[in-house]
Enquirer: 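Have a look at this one before I ask anything.
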Amino acid sequence: MKTCKILCVCGSGTVSSSMVAGKLKEQLAEKGWDANCVETSPNGIDTEIAGAHYDLIACVSPVYQDYGIPKVNAVGMLTGLAEAKVIEECIKALENK
C-alpha cells in the first residue's frame, strides 16, 4: 500500500472536513492508498503545513493561495454526486507528486 498525507479543508475545520477525511481514507484504501487525513479550516492551513509535509489538499471551502501542494475540490465527497471523480483526481495528483 502507498501512503499519503492529505489536508482536508472546510470552513470551520470540523464537520465537513471530517466527513471528507473519512470518505477519502475509506475510498483511497480501496485503491491501494493508506491516507493519513488531517482536518483544518482555511485559516489553519499555514500552521498545518509549517509543521508537516502534505501530499494533497482536499478543499470543501475555497483555498485561493498556492501552497505548492496539489489541491483537489472535494465538494463532491459531501454531495455524494461526484465521489468517484474526486477520488480519481486525488489519485492522479498523488501519483504525479
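The chain is numbered in sequence order, starting from 1.
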Enquirer: Give, for atom SG of Cys90 and atom CD1 of Ile6, the distance between the pair rounded to the nearest 0.5 Å.
Expert: 5.5 Å

Enquirer: List the atom pairs, with distances to 0.1 Å, where a side-chain N or O of residues 66-80 and a protein N or O form a donor-acceptor pair under 3.5 Å, not counting sequence neighbours.
Expert:
residue	atom	partner	partner atom	Å
Asp66	OD1	Gly68	N	2.8
Tyr67	OH	Gln65	OE1	3.4
Lys71	NZ	Val63	O	2.9
Lys71	NZ	Gln65	O	2.8
Asn73	OD1	Val75	N	3.0
Thr79	OG1	Gly76	O	3.4
Thr79	OG1	Leu81	N	3.2

Enquirer: Identify the heavy atoms of Pro42 and Val9 that sit nearest to each other, and give their distance.
Expert: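 Smallest interatomic distance, heavy atoms only, reads N-CG1, 3.6 Å.
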
Enquirer: Determine, using the 4.5 Å side-chain heavy-atom cutoff (strictly less than), whether Val38 and Ile45 are members of one ILVMFWY cluster.
Expert: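 Yes, Val38 connects to Ile45 through the hydrophobic network.
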
Enquirer: Considering only heavy atoms from C-beta outward, does the side chain of Val15 approach that of Cys10 to under 4.5 Å?
Expert: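 They are not in side-chain contact.
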
Enquirer: Under a single-linkage definition using a 4.5 Å side-chain heavy-atom cutoff for Ile, Leu, Val, Met, Phe, Trp and Tyr, are Val20 and Leu94 assigned to the same hydrophobic cluster?
Expert: yes

Enquirer: Which pairs count as salt bridge (Lys or Arg N to Asp or Glu O under 4.0 Å) when at least one residue sits in residues 4-25, sequence neighbours excluded?
Expert: Lys23-Glu83, Lys25-Asp34

Enquirer: Show the nearest heavy-atom pair for residues Cys59 and Ser61, with the distance to one decimal.
Expert: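 It is CB-O, 3.3 Å.
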
Enquirer: Drop me the distance from Asn36's CG to Leu24's CG, to the nearest 0.5 angstrom.
Expert: 12.0 Å

Enquirer: Lys2: what forms a salt bridge (charged side-chain N to carboxylate O under 4.0 Å, His left out) with it, not counting sequence neighbours?
Expert: Glu95

Enquirer: Go through the structure and list residues passing side-chain hydrogen bond (donor to acceptor under 3.5 Å, both in side chains) with Ser41, not counting sequence neighbours.
Expert: none

Enquirer: Who passes side chain to side chain contact (heavy atoms under 4.5 Å, CB included) against Ser18, sequence neighbours left out?
Expert: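 Testing Ser18 for side chain to side chain contact (heavy atoms under 4.5 Å, CB included), a comparison that skips the adjacent residues, returns Glu39.
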
Enquirer: May I have all residue pairs that pass salt bridge (Lys or Arg N to Asp or Glu O under 4.0 Å) and include part of residues 41-52, sequence neighbours excluded?
Expert: none

Enquirer: What is the distance from atom CG of Leu56 to atom CG of Leu28, rounded to the nearest 0.5 Å?
Expert: 8.5 Å

Enquirer: To the nearest 0.5 Å, how far apart are CD1 in Ile91 and CH2 in Trp33?
Expert: 7.5 Å

Enquirer: Under the side-chain hydrogen bond (donor to acceptor under 3.5 Å, both in side chains) test, which residues partner Lys85, sequence neighbours left out?
Expert: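 side-chain hydrogen bond (donor to acceptor under 3.5 Å, both in side chains) list for Lys85, sorted by chain: Glu89.
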
Enquirer: Which pairs with one or both residues in residues 50-65 pass salt bridge (Lys or Arg N to Asp or Glu O under 4.0 Å), sequence neighbours excluded?
Expert: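 Checked against salt bridge (Lys or Arg N to Asp or Glu O under 4.0 Å) - neighbours excluded - the pairs reaching residues 50-65 are Asp55-Lys97.
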
Enquirer: With clusters built from Ile, Leu, Val, Met, Phe, Trp and Tyr whose side-chain heavy atoms come within less than 4.5 Å, directly or transitively, what are the remaining members of the cluster of Met1, listed by chain and number?
Expert: none

Enquirer: Would you please name every residue forming a salt bridge (charged side-chain N to carboxylate O under 4.0 Å, His left out) with Glu26, sequence neighbours left out?
Expert: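 Not a single residue meets the salt bridge (charged side-chain N to carboxylate O under 4.0 Å, His left out) criterion with Glu26.
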
